[in-house]
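Everything quoted here is computed from the prediction, not taken from an experiment.
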Amino acid sequence: MASSTSDDEFITVVCSNPNPIQANTTSTDIEILISVTNIPSWDLPSILCHQTVKVQSHRNRLIQHSSYFNGLLSGSFSESGLDCIAIEWNLEAFLHILNCIYDCPLDVTSNNFLPLYEGALYFGVEMLLMRCKTWFSEVVSAEVPPQVQLDDLISIWSFGLEHARDFLPELCGSYLARNFMWAISMNCFVDIPYDLLLSCVKHMNLTVDSEMHLSNALLVWIDANAECMEGLSRNEDVCTGILKQIHLSLLPLWFAAEKRGSCHFSKFADESIDSIFRLLRIPSTGSVDALGASHLHDLRIRLTKFSKRVNLSSCSQITSAVLLLSLLPSANSIDHILRGIGQSPFNLERLDRDQCSEVLNLLPTLSFEAVQEVDISKCPRLHLESAIECFHKSFPSLRILKAAFLLKFKISTLRKLVRKCPMVCEVDLTTDTSPIISSQVSIVSSSPAITPQISNLSLNVRDMTSFYNSGQSIAKLTLEGRSDLYDSDLQYISRFCVSLQYINLKGCTSLTDVGIASLLRRCIKLHSVLVCDTSFGINSVLALCSSSSNNIAVEQIENELLDSLALNLQILHMGSCKCVDETSLLKLMSQMQKLKSLCLSDTHLSDGALYSFRGSSLEVLDISNTMVSNAAVAYLVGGNPGLKCLKARGCRNLSQRESDPQKREFSFSYSCRELHNEIGRTCMLEEIALGWGFSYFSLEALKPAITSLRKITVGLGGLLGEDGLRKLPTICPMLESIILYFQVISDRTIMNIMANLKKLVVLAFCHCLGDISILSFKFPMPNLRKLKLERVTPWITNNDLVILTQSCANLVELSLLGCTLLDSESQQIISQGWPGLVSIHLEECGQVTTMGVSSLLDCKALEDILLRHNGPGLQRSFIFDAASKLPMLRNVSLDFCDAAEGDFDIPNYGDRHFLSTVKIAKCKLQKGLKVSFVKARRRRQVHKQTLVLVWNSSTVTRTVVKERL
């Protein structure tokens with residue numbers, strides 16, 4: 001038809017969906033006619049049910065706002081004279097374009113951005129193009145959680161690349177760089193195109209928690225794309241090009257050592273280890289400029305204005321100089337800056353506290369206000385005073401500091417931290433717990449160095465006021481294993497950390513019951529108390545149970561409820577606290593109503609205490625090694641349907657069909673099956689540890705509760721049997737940890753476990769019975785990280801050990817006991833097969849150490865070594881040699897039987913490197929034996945005692961105990 005020239009002239013645009021849609025069940029029409037005159041009232045869901053939509057639109061409006069329609073309707077095309085034209089386009093996108101042309105509200109989202117932008121580009125709608133570009137620029141620049149899904153981002157990047165829209169690839173690369181930690185958690189991370197990934201890792205705003213996270217993500221991507229890259233000429237260039245962006249000098253030693261076996265990363269892993277040890281050879285008070293300018297960039301920690309976490313954990317090479325290097329504007333001008341203020345480069349460790357602060361104030365350090373969490377755990381060379389000054393200058397919003405396994409971090413250091421970084425609310429100062437727990441060992445003799453029973457803090461009035469004002473923010477404090485923590489230190493903590501809500505004092509063996517009680521009386525906001533393996537006793541229980549109004553002055557209480565601390569407790573862990581009697585425990589249990597996690601293992605727990613518990617929110621319950629009965633446990637479980645973790649190993653009474661007579665009338669005969677039925681009806685467990693009374697029938701009863709189980713431990717007294725172990729993978733398909741003691745196992749059951757439970761991370765068979773062979777371990781277990789085989793595989797040879805290294809290639813912890821056929825060559829097999837080991841336990845393993853220890857020390861990241869009864873070839877200087885060659889080594893366990901000269905030299909405090917605990921067992925000849933000395937030494941010696949040396953922040957304690965630790 002011919003068209004008129006009226007300004008209000010309509011033209012019908014017939015838009016057909018290029019993809020057939022399912023016919024609307026309520027209508028047989030495949031097309032619909034609509035008009036722009038009522039565009040605000042369009043019912044889009046109804047309209048989009050049709051295959052074709054005819055839209056009556058104003059000709060001039062389309063010409064004015066769309067270059068496509070301008071050319072089509074006002075040019076020399078034949079369509080310019082028609083009043084009806086046809087197009088083929090996505091219906092929803094086209095209708096949105098019309099909405100924009102007619103100035104109707106239009107929301108651009110991550111779901112519709114690409115269709116809108118593509119349509120605006122095709123039809124030449126500049127106003128929509130600008131709106132889309134503005135929206136995308138704002139979204140990818142916003143400092144909020146990611147609003148564009150990763151798969152959409154990949155599509156947008158590909159579209160921009162294909163259509164030469166340069167701003168899209170640039171914005172996508174920037175967005176991915178800033179949100180890299182989010183991206184690597186997505187399943188579609190491996191679908192990112194190489195060029196996009198490369199531009200991301202090269203971007204100046206690449207934000208990662210650590211170089212390890214970046215490395216691991218890139219290796220995951222390479223492994224996932226290896227097949228499609230195979231055969232390509234640039235395959236090697238692809239891997240090298242992307243992996244060389246990693247700052248190899250900043251990788252944790254264990255990670256670099258483990259990746260030596262990676263086909264893609266082995267060369268880089270070797271470079272990383274060489275670089276780490278090159279740094280370790282430089283004294284911590286030395287200057288990193290000894291490495292040369294070419295290495296400085298590789299030493300810079302990735303920090304951007306978007307960084308929220310800085311994870312340097314296990315980077316033994318980190319010093320204050322390396323930290324400072326990352327906080328200055330440019331590596332090229334650092335030497336000039338420092339020399340300009342009269343200081344040698346990076347010698348902060350040599351300065352005292354005031355000098356260090358003065359020097360840093362003169363430096364143009366950058367500020368990273370988004371950083372809220374820093375992890376410097378296992379960084380023994382980091383000068384803490386200097387580091388805190390750096391945190392003060394560059395991380396003003398710091399809230400969480402993790403500094404575990406740093407013995408140098410004292411209470412005085414904590415005082416400086418809270419004064420310099422007033423926003424810090426969580427501090428973790430965990431160290432290795434001393435094996436000398438008075439309730440668990442029999443001490444023969446002890447010679448602790450002289451240690452002050454009062455705090456070594458010397459605070460003047462100004463310091464005390466400053467500490468009080470800043471320390472109020474501390475809400476969570478972990479001091480686990482701090483044997484150098486005394487009652488006087490707790491007094492300072494309770495005085496200044498008035499907002500404390502969480503305290504972990506596990507293994508703080510120097511504290512007294514009175515000292516702990518004093519802390520509990522002062523810190524009335526506490527809701528989590530962890531005091532396992534301490535002197536927590538009756539005084540502390542009274543402090544928990546007494547009213548808050550009795551603990552502090554009324555004027556300090558303000559709006560706090562005058563309730564006992566016990567009433568508001570959410571976590572209470574007091575395992576092995578044998579100073580708490582049954583009466584006190586019953587009183588405590590009767591007051592706790594909000595508890596979520598409770599540990600009472602190895603205590604005087606009775607049925608009465610369990611019956612007195614009125615809480616209904618328990619998620620974790622540990623009653624291991626107590627005398628509770630089936631009925632009492634069932635009562636507690638029945639009232640806490642949210643229970644996720646139950647540990648009840650060593651509870652002998654659970655194997656009895658009848659509980660001991662109780663005063664309560666409902667405590668009648670109660671069998672194991674009834675208890676397990678109650679658990680099965682009530683709970684949805686993620687972790688379970690049982691022994692006495694647990695059997696194959698128990699597994700069936702528990703079945704509804706353990707379908708999502710991730711960890712299972714079966715101890716002495718339990719008997720799953722072959723049928724139970726065979727069904728375990730079917731009933732619990734999500735298992736990640738299996739630990740079995742004294743169970744009957746076979747090749748069939750182990751093969752079934754290894755073949756079906758591919759998510760297994762921990763596997764332990766200890767003192768189990770049954771005939772098994774290497775066939776059990778031929779299934780690949782790439783996720784397995786910890787393997788313990790104790791008294792179950794005496795037949796293992798070096799060839800079998802090779803098979804283990806192939807099937808369990810990613811182990812970081814290995815424990816072998818009773819593998820009597822191994823020899824000195826086993827060391828090389830272990831070190832080459834598992835170079836990333838952090839823990840190795842070898843006991844009664846043939847002649848592994850008869851020729852000394854050499855290859856085993858090639859596992860450079862070892863933190864824990866146990867070598868006992870493997871052959872008398874250990875040199876007198878072994879402890880010192882191991883500590884000097886293994887920078888992360890903290891725990892060493894030996895036996896005098898293996899000493900080539902009958903004894904070991906003990907390092908003094910200054911030469912111990914990172915060591916915290918050394919245990920040396922001593923044997924004696926079994927009485928009544930008439931055999932040669934050599935024969936007796938090899939076969940007939942029994943344990944006599946153990947020498948234990950424990951280092952803390954300032955001293956070493958020598959203790960001799962009867963037990964074999």
| message | Nearest 0.5 angstrom please: L763 CG to L757 CG, how far? | response | 9.5 Å
| said: Pair S815, E790 - check side chain to side chain donor-acceptor pair (under 3.5 Å), show working. | reply: CA-CA 7 Å; S815 178; E790 298 185 352; 3.1 Å; yes
| task | Please examine the side chains of F880 and F904, heavy atoms only from C-beta on, and report whether any two atoms are closer than 4.5 Å. | result | no
| request: Evaluate side chain to side chain donor-acceptor pair (under 3.5 Å) for S377 paired with S313, printing each intermediate quantity in order. | output: CA-CA 5 Å; S377 301; S313 177; 4.8 Å; no
| note | Paired with H869, the side chain to side chain donor-acceptor pair (under 3.5 Å) test is passed by just one of T849, D895, T820, namely D895
| query | Do side-chain atoms of N756 reach the backbone of P729 as a donor and acceptor pair under 3.5 angstrom? | reply | no
| So do C645 and E686 actually touch side chain to side chain, heavy atoms under 4.5 Å? | no
| Basic-acidic side-chain contact under 4.0 Å: E271, K244 | no
| Between the side chain of R964 and the main-chain N/O of A921, is any donor-acceptor distance below 3.5 Å? | no
| task | May I have the step-by-step check of side chain to side chain contact (heavy atoms under 4.5 Å, CB included) for L866 and L842, ending in yes or no? | result | CA-CA 6 Å; L866 184 148; L842 300 175; over 6 Å; no
| field | Enclosure of K759 NZ (heavy-atom neighbours >12, cutoff 6.0 Å) | value | no
| Distance-minimising heavy-atom pair for R791 and G818 | NH1-CA, 4.1 Å
| task | Indicate yes or no: does R726 engage D723 in a salt bridge with an N to O separation below 4.0 Å. | result | yes
| task | Answer with yes or no after comparing the ring centroid distance for F742 and F765 against a 6.0 Å cut-off, counting only values under it. | result | no
| note | Rounded to the nearest 0.5 angstrom, the NZ-CG distance for K860 and L837 is 13.5 Å
| query | Which distance, rounded to the nearest 0.5 Å, do you find between the CG of L856 and the OG of S831? | reply | 7.0 Å
| Non-hydrogen atoms of V812 and E258 that approach each other most closely | CG1-OE2, 4.2 Å
| query | With no hydrogens and no angle check, is any side-chain donor or acceptor of N783 less than 3.5 Å from a backbone partner on K758? | reply | yes
| query | Do D864 side-chain atoms and V838 backbone N/O form a donor-acceptor pair below 3.5 Å? | reply | no
| query | Roughly how far, to the nearest 0.5 Å, is SG of C768 from CD1 of I745? | reply | 4.5 Å
| said: If we ignore hydrogens and angles and just use 3.5 Å, is the side chain of T430 paired with the main-chain N or O of E480 as donor and acceptor? | reply: no
| query | Are the side chains of N810 and L784 in touch, meaning some heavy atoms are under 4.5 Å apart? | reply | no
| field | Non-hydrogen atoms of W795 and I774 that approach each other most closely | value | CH2-N, 3.3 Å
| Shortest non-hydrogen contact between L857 and A882, atoms and distance | CD2-CB, 4.4 Å
| field | Distance-only side-chain donor-acceptor flag, D747 / S773, under 3.5 Å | value | yes
| said: Donor-acceptor pair, distance only, cut-off 3.5 Å: does the side chain of T946 make one with the backbone of E963? | reply: yes
| Six-ring centre of Y741, R649 cation under 6.0 angstrom, axis tolerance 45° | yes
| message | I'd like to know if the side chain of S210 pairs up with that of N311 as donor and acceptor (distance under 3.5 Å, no hydrogens or angles considered). | response | no
| query | Is any side-chain heavy atom of L312 less than 4.5 Å from a side-chain heavy atom of D375? | reply | no
| query | Relative to F405, does R890 satisfy both conditions: NZ or CZ under 6.0 angstrom from the six-membered ring centre, and within 45 degrees of the ring's axis? | reply | yes
| field | Value rounded to 0.5 Å, distance of NZ in K778 from CD1 in I750 | value | 14.5 Å
| Hey, does M781 have a side-chain heavy atom less than 4.5 Å from the side chain of L760? | yes
| Can any side-chain N or O of E700 pair as donor or acceptor with the backbone N or O of Y696 at less than 3.5 Å? | no
| query | Counting only N and O atoms by type, is there a donor-acceptor contact under 3.5 Å from the side chain of W254 to the main-chain atoms of S314? | reply | no
| message | Does either side chain, that of S601 or that of N625, offer a donor lying less than 3.5 Å from an acceptor on the other one? | response | no
| said: Please tell me whether T797 and N799 have a donor and an acceptor in their side chains that are separated by less than 3.5 angstrom. | reply: no
| query | Is the NZ or CZ atom of K259 positioned over F265's six-membered ring, under 6.0 angstrom from the centre and within 45° of the axis? | reply | no
| field | Pairing of K788 and E813 as salt bridge, 4.0 angstrom limit | value | no
| Counting heavy atoms not belonging to D903, are there more than 12 under 6.0 Å from its CG? | yes
| field | Step-by-step side chain to side chain donor-acceptor pair (under 3.5 Å) determination, S877 to D905 | value | CA-CA 6 Å; S877 61; D905 292 332; 5.8 Å; no
| field | Candidate pair V190 and D223, rule side chain to side chain contact (heavy atoms under 4.5 Å, CB included), full reasoning | value | CA-CA 9 Å; V190 296; D223 288 340; over 6 Å; no
| query | To the nearest 0.5 Å, what is the distance between CG (L787) and CH2 (W834)? | reply | 7.0 Å
| task | Taking the side chain as every heavy atom from C-beta outward, state whether L197 and F180 have any pair of such atoms under 4.5 Å apart. | result | yes
| query | For S916, which of T433, T431, D432 qualifies under side chain to side chain donor-acceptor pair (under 3.5 Å)? | reply | D432
| message | Using a 3.5 Å distance criterion without hydrogens, assess whether the side chain of H676 forms a donor-acceptor pair with backbone atoms of L699. | response | no
| message | Ignoring hydrogens, what is the shortest heavy-atom contact between R260 and D270? Give both atom names and the distance. | response | NE-OD1, 3.3 Å
Would you be so kind as to tabulate the donor-acceptor pairs closer than 3.5 Å made by side chains of residues 708-722, with sequence neighbours excluded?
from	atom 1	to	atom 2	distance (Å)
R710	NH1	E736	OE2	3.0

| Smallest separation among heavy atoms of P435 and V441, with atom names | O-CG1, 3.9 Å
| query | Between N798 and D823, do the side chains contain an N or O donor and an N or O acceptor separated by less than 3.5 Å? | reply | yes
| message | Would you say that L253 contacts P887 through its side chain, given a criterion of any heavy-atom pair below 4.5 Å between the two side chains? | response | yes
| E825 and M851: CA distance, side-chain angles, deciding distance, side chain to side chain contact (heavy atoms under 4.5 Å, CB included) verdict | CA-CA 10 Å; E825 293 183 6; M851 305 299 292; over 6 Å; no
| NZ/NE/NH1/NH2 to OD/OE distance under 4.0 Å, R868 and D898 | no
| said: Are I753 and I738 packed together at the side-chain level, in the sense that at least one heavy-atom pair is separated by less than 4.5 angstrom? | reply: yes
| Do N870 side-chain atoms and E844 backbone N/O form a donor-acceptor pair below 3.5 Å? | yes
| task | Determine, step by step, whether S275 and L248 satisfy the side chain to side chain contact (heavy atoms under 4.5 Å, CB included) criterion, reporting the C-alpha distance in whole Å, the side-chain angles of both residues, the deciding distance to 0.1 Å, and the verdict. | result | CA-CA 7 Å; S275 178; L248 298 174; 5.6 Å; no
